[in-house]
Amino acid sequence: MDVFAGFHGRVLAAVQQLKHDGVVPHEASLDGITLEPPKDAFHGDLATNAAMVLAKAAGVPPRQLAERIVPLLASDPHIDKVEIAGPGFINLSLAPAFWPSVLRMVLEQGDAYGRSAFGEGEAVNVEYVSANPTGPMHVGHCRGAVFGDALANLLAFVGYAVTREYYVNDAGAQVDALARSVFLRYREALGEDIGEIPEGLYPGDYLKPVGETLAANHGRALLDAPESEWLPITRSAALKAMLVMIEDDLDQLGIHLDVFFSERALIDGAHDEVAETIAELKAKGLIYQGRLPPPKGKIDEEWEDREQLLFRSTEFGDDQDRPLVKPDGGYTYFASDIAYHRDKFRRGFRSMIDVWGADHSGHIKRMQAALAALTEGKAHLDIKICQLVRLFRAGEPVKMSKRAGTFVTLRELVDEVGAGPVRFMMLYRKNDAPLDFDFTKVTEQSRDNPVFYVQYAHARASSVLRQVGETFPDLGTESTELIRADLDRLNDPAEIAVIRRLAQFPRVVEAAAQTHEPHRISFYLFDLAADFHGLWNRGKDLPQLRFIYEDDRELTRARVALVAATRRVLALGLGILGVHALHELH
RNA sequence: GACCUCGUAGCUCAGUUGGAUAGAGCACCAGAUUCCUAAUCUGGGGGUCGCAGGUUCGAAUCCUGCCGGGGUCACCA
């Protein structure tokens with residue numbers, strides 16, 4: 001919970017009092033009233049805009065209204081000073097005793113600190129990765145995978161019931177191409193010279209073992225069989241192998257999904273869910289046979305004007321109606337994607353999040369249109385777009401070409417720099433902004449490598465907790481013991497700065513969860529690390545400011561409490577990002 | 001042409017859902033430091049928040065129109 005929530009209540013109570021006194025009209029809305037730590041500590045510990053928000057309704061200038069609010073707040077024993085500033089802000093300075101109470105709360109709550117019931121146990125489906133199951137994962141998939149996973153962690157942290165889901169696109173032409181590629185490898189395994197892999201098929205060596213397994217299991221039986229017979233067999237073998245490989249790749253990054261949802265199962269199951277979905281939309285009058293205008297601004301020679309089965313997505317804000325059936329009679333990707341989201345809805349999810357690559361951003365409107373149509377607005381779908389990742393090595397761009405086989409796989413990336421740095425860097429940028437990833441930089445031990453900087457703070461904190469026993473052997477470092485320390489003795493500005501930062505953690509977490517922006521956690525951790533390093537550095541110049549101060553056992557204990565709390569919050573934040581906190585660096 | 005997205009310090013980017021004097025890191029400048037709590041520290045300069053309007057107590061943030069970069073644009077996934 002937010003450590004400042006109580007003060008927000010005080011402000012609202014003060015305003016209620018003013019309503020009661022007739023200063024503020026009863027119907028005035030209190031929604032816009034905030035109470036937040038100001039950016040600049042010069043403005044106190046907390047600031048509220050209450051007077052400015054209510055001034056108009058009350059017909060009184062903001063500062064004058066603030067004069068009425070101030071005495072109502074000043075009586076609070078935890079509030080030291082109340083000042084009116086600027087256009088009508090009310091700035092609160094908290095009693096010195098407040099900060100130790102925050103620290104005590106962190107220690108008491110332990111791993112529960114920052115968690116909340118915000119999500120109220122609501123079921124949320126987070127769909128991410130969803131790479132084509134046709135080969136190993138490469139860096140292009142990596143960002144979305146990490147982002148989705150961290151977002152799922154974050155939502156779980158604030159009390160949502162999260163399902164992590166991977167949509168397996170195993171129904172399209174791509175997987176048939178995969179199956180044919182595997183069939184070649186099967187013939188190869190039986191001793192045939194297959195020559196060059198033809199254009200349009202998958203040339204990668206990773207399919208060889210799949211061919212070999214087929215050869216071992218089926219012998220030469222498939223060689224003379226018609227395609228209609230061997231294709232399903234090779235396809236299912238290939239898909240199985242690819243999913244094992246993908247799951248293994250994801251495992252390298254610490255990603256474990258709850259559900260792998262097969263696109264094919266939508267059609268091949270007991271009933272054709274796509275047909276059902278289309279029928280449902282048809283019943284709503286949203287399906288028709290029609291023609292689409294050719295794309296403007298570019299001349300497409302291949303364009304042919306023809307009638308197709310269309311969904312009226314324009315009625316829900318899309319730019320164009322969208323086709324559901326291909327010329328060959330099969331469903332379009334969009335059609336099965338609608339059925340897939342309908343399936344999620346029928347499984348009970350009213351809240352869904354999809355993580356997509358930037359190249360799919362043009363599909364957002366149609367998907368939301370379809371879901372709105374099917375669920376009559378009862379479901380909420382947020383689609384998060386992850387921008388490209390550009391790879392660098394010591395500042396130089398890494399050239400990648402899929403055709404030349406020089407694209408970097410996720411596995412290579414993780415093998416070289418480690419899962420933690422990969423995850424942290426992927427989250428050290430807003431999801432919809434492009435990201436530069438430098439192999440050299442993420443392993444550098446310097447301040448401009450945020451991964452190192454945050455881990456180093458955690459390692460330093462761990463080191464203090466390890467070493468304090470050498471000076472004070474009987475000084476326990478468990479929370480239950482540290483909580484009894486005389487925390488009022490922490491009054492150095494750098495110490496207070498760290499506590500203030502710790503106090504912000506719950507609201508940062510909540511804001512990140514609400515906006516679906518895990519990067520806010522990364523930036524918070526960097527700031528917390530900076531505060532902690534700042535405190536550490538003061539001890540370099542002034543030995544009496546060191547955490548372990550041999551002349552004063554009780555002061556040491558109070559400081560160790562601060563260190564333990566900082567370490568806890570660093571670990572919690574890293575945990576949300578899915579990064580393992582390090583106890584020492586090498 | 002349409003839609004989406006971005007535009008903030010020399011560079012890379014944050015910006016608490018509309019708050020006060022717009023912040024970090026690198027780079028630059030000036031000092032400190034050889035310390036073992038190694039993997040630096042302190043301070044400083046640097047800004048038309050792309051441009052122009054609008055909304056209001058208050059705009060980098062919301063609305064409109066331009067300018068510029070990127071992405072997408074029947075059927076593939």
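Treat the numbers as computed from the prediction; the structure is a model and nothing was measured. A, B, ... follow the sequence lines: proteins, then strands. Residue 1 opens every chain. Any value given below was found using the heavy atoms of this structure, including those in side chains, with hydrogens, waters and symmetry copies removed.
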Tell me the interatomic distance from [X], atom [atom1], to [N], atom [atom2], rounded to whole angstroms.
X        : N     : atom1 : atom2 : answer
A/Tyr166 : B/A77 : OH    : C1'   : 12 Å
A/Leu542 : B/A32 : CG    : P     : 18 Å
A/Ile33  : B/G18 : CD1   : P     : 16 Å
A/Tyr288 : B/A74 : OH    : C1'   : 12 Å
A/Arg264 : B/A77 : CZ    : P     : 11 Å
A/Ile383 : B/C3  : CD1   : C1'   : 14 Å
A/Asp45  : B/A20 : CG    : P     : 17 Å
A/Tyr453 : B/C41 : OH    : C1'   : 11 Å

From the set [options], return the single nucleotide nearest to any side-chain atom of [X].
X        : options             : value
A/Phe89  : B/A20, B/A39, B/G15 : B/A20
A/Gln308 : B/A74, B/A77, B/U40 : B/A74
A/Pro323 : B/C3, B/A74, B/A77  : B/A74
A/Phe42  : B/U21, B/A74, B/G19 : B/U21
A/Asp359 : B/C41, B/U72, B/C26 : B/U72

Using a 3.5 Å distance criterion without hydrogens, assess whether the side chain of A/Thr556 forms a donor-acceptor pair with backbone atoms of A/Ile548.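 A pair under 3.5 Å: no.
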If I pick the [atom1] atom on [M] and the same atom on [N], what distance separates them, to the nearest angstrom?
N     : M     : atom1 : value
B/G46 : B/A9  : C1'   : 6 Å
B/U5  : B/C41 : P     : 39 Å
B/C73 : B/U64 : P     : 25 Å
B/A38 : B/G31 : P     : 28 Å
B/G15 : B/C62 : P     : 12 Å
B/U17 : B/U33 : C1'   : 45 Å
B/G47 : B/A2  : P     : 37 Å
B/G18 : B/G1  : P     : 33 Å

Step through it carefully: locate the ring centre of A/Phe424, locate the ring centre of A/Phe452, and say whether they are under 6.0 Å apart.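 Ring centroids of A/Phe424 and A/Phe452 are no less than 6.0 Å from each other.
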If you measure only the distance, is there a donor-acceptor pair under 3.5 Å linking the side chains of [X] and [Y]?
X        : Y        : result
A/Thr314 : A/Asp321 : yes
A/His341 : A/Asp354 : yes
A/Ser336 : A/Glu263 : yes
A/Asp448 : A/Ser446 : yes
A/Asn91  : A/His43  : no
A/Glu165 : A/Tyr340 : yes
A/Arg460 : A/Tyr456 : yes

A/Tyr333 and A/Tyr167 aromatic ring geometry - parallel, tilted or perpendicular at 30°/60° bounds: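 Judged by the thresholds at 30° and 60°, the geometry between A/Tyr167 and A/Tyr333 is tilted.
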Below 30° counts as parallel, above 60° as perpendicular, anything between as tilted: where do the rings of A/Phe523 and A/His519 land?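 Aromatic pair A/Phe523/A/His519 classed perpendicular.
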Counting the atoms with a prime plus P, OP1 and OP2 as sugar-phosphate, which does [X] contact under 4.0 Å by heavy atoms, base, sugar-phosphate, or nothing?
X        : answer
A/Phe526 : sugar-phosphate
A/Ala85  : base
A/Gln174 : sugar-phosphate
A/Gln467 : nothing
A/Asn49  : base
A/Glu304 : base
A/Ser446 : sugar-phosphate

Cation-pi, A/Phe547 ring and A/Arg559 (6.0 angstrom, 45 degrees):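 No - A/Arg559 does not lie over the ring of A/Phe547 by the 6.0 Å and 45° rule.
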Check: protein-nucleotides 55-64 of chain B nitrogen or oxygen pairs below 3.5 Å:
from: B/C57; atom 1: OP1; to: A/Lys56; atom 2: NZ; distance (Å): 3.4

Can you list everything that forms a salt bridge (Lys or Arg N to Asp or Glu O under 4.0 Å) with A/Arg501? Sequence neighbours excluded, please.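 Here the qualifying residues are A/Asp527, A/Asp531.
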What does the B/S/- profile of nucleotides 4-14 of chain B look like, 5' to 3', with a 4.0 Å heavy-atom cutoff to protein? --S-----SSS
Base-pairing string, 5' to 3', of RNA chain B - Watson-Crick or wobble, under 3.5 Å, | interstrand: (((((((..((((.....[...)))).(((((.......))))).....(((((..]....))))))))))))....
Ring centroids of A/His43 and B/A20 base under 5.5 Å with planes under 30°: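 Ring-base stacking flag set for A/His43 and B/A20.
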Starting from the 5' end of RNA chain B, give me the residue, A/Trp303 or A/Arg507, whose nearest nucleotide shows up first.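 It is A/Arg507, whose closest nucleotide lies nearer the 5' terminus.
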Pairwise 5' ranking along RNA chain B for A/Thr515 and A/Ala131, keeping only the more 5' one: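 Result of the comparison: A/Thr515.
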Can a donor-acceptor pair under 3.5 Å be found between the side-chain atoms of A/Asn91 and the base atoms of B/A20?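 Such a pair exists between side chain and base.
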Got a sec, which residues hit ring-ring contact (aromatic ring centres under 6.0 Å, His included) with A/Phe260, two or more places apart in sequence or on another chain?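 If we apply the ring-ring contact (aromatic ring centres under 6.0 Å, His included) test to A/Phe260, skipping adjacent residues, the hits are A/Tyr166.
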Sort and list the pairs that fulfil ring-ring contact (aromatic ring centres under 6.0 Å, His included) and have at least one residue in residues 311-331 of chain A, not counting sequence neighbours.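 Sorted pair list comes back empty.
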Since syn is defined as within 90° of 0, does B/U17 count as syn or as anti?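 Classified syn.
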Using OP1 and OP2 only, check whether a side-chain N or O of A/Arg460 sits under 4.0 Å from B/A39.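 For B/A39, OP1/OP2 do have a side-chain N/O of A/Arg460 under 4.0 Å.
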If the cut-off is 4.0 Å, is A/Tyr456 near the phosphate of B/A39, judged by side-chain N/O to OP1 or OP2?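 Checking B/A39 against A/Tyr456, a side-chain N or O does come within under 4.0 Å of OP1 or OP2.
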